[in-house]
Amino acid sequence: MFGIQEDYENKLATAGEIASRVQSNDVIYLNAGSGFPITFSDALTRRASELRNVRIAHAVRPDPTMLEIDYLCPEYADSFTLICEYSFDRVAREAVTSGRGSYRPHYPSQSGMSWPYEIDYLVTSASPMDEHGYFSFGAAACYPPDFLPQTRRLVLEVNPHQPRVYGDSFVHISQVDALYEVDEPIPSIDVTSGAKPTEVEEAIGAHVAELIEDRSTLQLGIGAVPDVVARLLRDKKDLGIHTEMLSDPLVMLVECGAVTNRFKTFHPGRIVCTCCFGSEKLYRYIADNPAVETYPISYTNNPENIARNYKQVSINATLQVDFMGQCASESLGTRHYSGIGGQWEFTRGAYLSPGGKGFICVRSTAKNGTISTITPTLSPGAAVSITRNDVHYVVTEYGAALLKGRTIEERTKSLISIAHPDFRDELTFEAKRLCYLT
Ligand code: COA
């Protein structure tokens with residue numbers, strides 16, 4: 001079409017040239033996971049000595065060892081600070097706990113709408129432009145569409161390895177301010193290098209899988225327990241997928257025939273997600289595949305949309321659960337550990353879904369068996385990620401406690417029954433002292 005290619009050529013630069021336009025005090029938003037623009041990040045960090053107080057925001061980053069140079073390292077503290085939308089990697093977590101950044105509490109479906117600053121540069125990976133002038137945000141639709149209204153300049157890292165994915169995740173060249181080209185594999189996860197699940201993870205996964213019925217629609221995160229659950233669901237029938245992040249274990253369920261999406265009541269016949277993060281094989285699966293649709297995170301994670309699925313199941317993890325069923329997944333007491341991710345939104349959506357089930361998984365102990373993760377009260381300062389009103393099932397290696405709709409007395413009894421046996425007497429004593437049990 002007339003003008004599209006010229007527009008592209010006019011906006012084309014190198015990552016270094018675009019990074020050289022950034023000024024002190026600018027706000028930069030980097031897309032997450034498989035959409036993270038590694039080359040721009042490296043180019044910007046190389047300018048550290050010329051810049052002061054550049055605020056960089058992002059959610060999940062790829063493994064920081066994929067970066068040549070990391071803006072979050074302590075030596076760049078005067079140049080870059082982090083607006084932490086979610087912390088997953090050790091470096092980002094350390095930046096927040098040591099004051100080189102600050103966590104911004106919000107639900108991901110509200111991340112764009114709750115964002116209070118003007119963004120000087122929003123940078124994301126994208127697939128190559130098509131003949132109509134559109135780029136796909138590929139495996140990482142998640143954040144850019146929701147942040148465009150507050151963005152002054154949209155920058156694309158155009159990469160032929162970024163798959164073109166269906167759904168609502170396209171941007172037109174006329175909306176782009178600058179772009180640069182790379183030809184590198186997009187950030188991935190080596191799914192073969194993960195440690196074998198422990199006995200505890202196997203047991204938790206088995207308790208969850210047992211409660212999942214045929215024709216359920218699944219949300220699974222990354223980690224050993226979701227891997228175990230997926231493996232144990234291979235003989236189920238007509239499962240569907242509506243999840244925040246599409247991962248390899250879910251695709252395995254498609255390949256073995258357990259997922260058909262046939263009985264989904266919201267986007268039937270389609271996998272719905274906001275991003276995909278995993279192996280090269282996963283990225284090949286989603287490329288130009290009409291069965292996979294990515295949408296902005298404001299859409300996939302909206303609990304009302306999630307609840308439009310019949311039998312929506314959510315499976316997430318936490319760090320500590322108190323007798324009322326409040327779950328602390330983001331902090332250990334006052335110490336920041338993670339972000340909420342889609343955990344509340346999917347738990348809430350599953351709670352509202354007809355026949356839905358929300359599972360919160362936790363190992364019964366931490367620190368080599370010296371601490372019970374089920375406790376009378378949360379540690380002082382802990383952030384409540386799932387409120388007692390939204391919790392449905394809590395699962396440890398000792399079983400699944402059904403809390404939805406139950407009294408505090410019933411919750412306390414059920415939670416003590418799935419606590420580690422070494423702590424049950426002590427927990428019962430405390431429950432009586434608090435008058436939760438008579
Ligand atoms: N008290 C003290 N320490 C505790 C603890 C407790 N109750 N529970 C866990 N810990 C410690 C562990 O010992 C471990 O320490 P180590 O790193 O020194 O070994 C550390 O905290 C992490 O615990 P672990 O159980 O291994 O957590 P994890 O890595 O499996 O992550 C969450 C669990 C909750 C942090 C993670 O699932 C998360 O970020 N969830 C929120 C976001 C989300 O759900 N996203 C998906 C939705 S789409």
Side-chain angles (χ1 to χ4, degrees), residues 194-212 220-221 223-233 313-333 335 337-338 343 347 357-438:
K196 221 174 144 273
T198 61
E199 270 180 37
V200 166
E201 290 158 346
E202 287 282 353
I204 294 174
H207 293 307
V208 172
E210 204 180 310
L211 288 162
I212 297 178
L220 284 187
V225 171
D227 289 359
V228 173
V229 174
R231 177 160 42 77
L232 296 174
L233 294 180
V313 164
S314 74
I315 303 163
N316 293 291
T318 196
L319 298 168
Q320 195 179 37
V321 183
D322 74 11
F323 286 161
M324 293 191 284
Q326 303 187 105
C327 304
S329 315
E330 300 160 82
S331 66
L332 292 161
R335 188 157 73 84
Y337 191 80
S338 185
Q343 129 157 184
T347 302
K357 293 180 182 173
F359 297 99
I360 297 289
C361 303
V362 63
R363 289 185 276 164
S364 70
T365 61
K367 302 283 169 208
N368 290 325
T370 57
I371 295 176
S372 173
T373 54
I374 292 179
T375 47
T377 56
L378 297 180
S379 302
V384 175
S385 310
I386 305 295
T387 76
R388 60 187 188 170
N389 306 307
D390 295 313
V391 71
H392 193 165
Y393 286 95
V394 173
V395 186
T396 71
E397 65 273 30
Y398 294 101
L402 173 58
L403 306 190
K404 182 176 181 179
R406 302 300 197 265
T407 64
I408 290 182
E409 183 184 18
E410 288 163 343
R411 289 169 185 230
T412 304
K413 268 191 204 152
S414 269
L415 285 167
I416 292 175
S417 76
I418 60 160
H420 193 283
D422 289 353
F423 292 96
R424 287 183 198 165
D425 287 348
E426 186 185 324
L427 291 172
T428 305
F429 177 83
E430 280 302 312
K432 288 183 176 162
R433 198 178 62 79
L434 291 169
C435 299
Y436 286 179
L437 292 183
T438 45

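If you read the sequence from its start, that first residue is 1, and numbering goes on from there.
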K.L.:
Donor-acceptor pair, distance only, cut-off 3.5 Å: does the side chain of Thr373 make one with the backbone of Arg363?
P.N.:
yes
K.L.:
Is Glu201 reaching over with its side chain to a backbone N or O of Thr198, donor-acceptor style, under 3.5 angstrom?
P.N.:
yes
K.L.:
Donor-acceptor pair, distance only, cut-off 3.5 Å: does the side chain of Thr396 make one with the backbone of Ile418?
P.N.:
yes
K.L.:
What I'd like to find out is whether the side chain of Pro421 reaches to under 4.5 Å of the side chain of Tyr398, using heavy atoms alone.
P.N.:
yes
K.L.:
So which heavy atom on Ala419 is nearest to which on Leu427, and how close?
P.N.:
CB-CD1, 3.5 Å
K.L.:
Take atom CZ of Arg388 as the centre, draw a 6.0 Å sphere, and report whether it contains more than 12 heavy atoms from other residues, nucleotides or ligands.
P.N.:
no
K.L.:
I want to check something: taking the side chain as every heavy atom from C-beta on, are Pro197 and Asp227 in contact at a cut-off of under 4.5 Å?
P.N.:
no
K.L.:
How long is the span from the CG atom in Leu319 to the CD atom in Glu330, to the nearest 0.5 Å?
P.N.:
9.5 Å
K.L.:
Is Phe423 close to Thr375 at the side-chain level, that is, under 4.5 Å between some pair of heavy atoms?
P.N.:
no
K.L.:
Treating Ser331 as the side-chain partner and Tyr337 as the backbone partner, does any N or O pair qualify as donor plus acceptor under 3.5 Å?
P.N.:
no
K.L.:
If you take all heavy atoms of Ser364 and His420, which pair is closest and at what distance?
P.N.:
OG-CB, 3.4 Å
K.L.:
Grab the two heavy atoms, one from Ala206 and one from Leu232, that are nearest each other, plus how far apart they are.
P.N.:
CA-CD1, 3.5 Å
K.L.:
Are side-chain N/O atoms of Thr412 and Glu409 paired as donor and acceptor at under 3.5 Å?
P.N.:
no
K.L.:
Within this structure, what is the CZ-OG1 distance for the pair Arg433 and Thr428, rounded to the nearest 0.5 Å?
P.N.:
13.5 Å
K.L.:
Would you check if the side chain of Arg406 reaches a backbone N or O of Lys404 as a donor-acceptor pair within less than 3.5 Å?
P.N.:
yes
K.L.:
First locate atom CG of Leu378, then atom SG of Cys327, and finally report the distance between them rounded to the nearest 0.5 Å.
P.N.:
8.0 Å
K.L.:
Find the distance between CG (Asn316) and OG1 (Thr347) and round it off to the nearest 0.5 Å.
P.N.:
5.0 Å
K.L.:
Can you see which heavy atom on Pro376 is nearest to which on Glu430, and at what distance?
P.N.:
CG-CB, 3.7 Å
K.L.:
Using ring pair (Phe, Tyr, Trp, His ring centres under 6.0 Å) as the criterion, list what pairs up with Tyr393, not counting sequence neighbours.
P.N.:
Phe359
K.L.:
Where is the tightest heavy-atom contact between Val208 and Cys361, given as atom of each residue plus distance?
P.N.:
CG2-SG, 3.8 Å
K.L.:
Measuring from Phe323:CZ to Leu415:CG, what's the distance to the nearest 0.5 Å?
P.N.:
7.5 Å
K.L.:
Quick check: closest heavy atoms across Ser385 and Ser329, and the distance to 0.1 Å?
P.N.:
OG-N, 3.0 Å
K.L.:
So, the side chain of Glu202 versus the backbone of Val228: is there a donor-acceptor pair under 3.5 Å, distance only?
P.N.:
no
K.L.:
Does any part of the side chain of Lys413, heavy atoms only, come nearer than 4.5 Å to the side chain of Leu437, both counted from C-beta?
P.N.:
yes
K.L.:
Do we see a donor-acceptor contact under 3.5 Å between the side chains of Ser379 and Gln320?
P.N.:
yes
K.L.:
Is there a side-chain contact between Tyr436 and Met324 in this structure, where contact means two heavy atoms from C-beta onward sitting under 4.5 Å apart?
P.N.:
yes
K.L.:
Are any of the side-chain heavy atoms of Ile212 and Ile315 separated by less than 4.5 Å?
P.N.:
yes
K.L.:
Using 0.5 Å steps for rounding, measure from the CG atom of Asp390 to the CG atom of Leu403.
P.N.:
12.0 Å
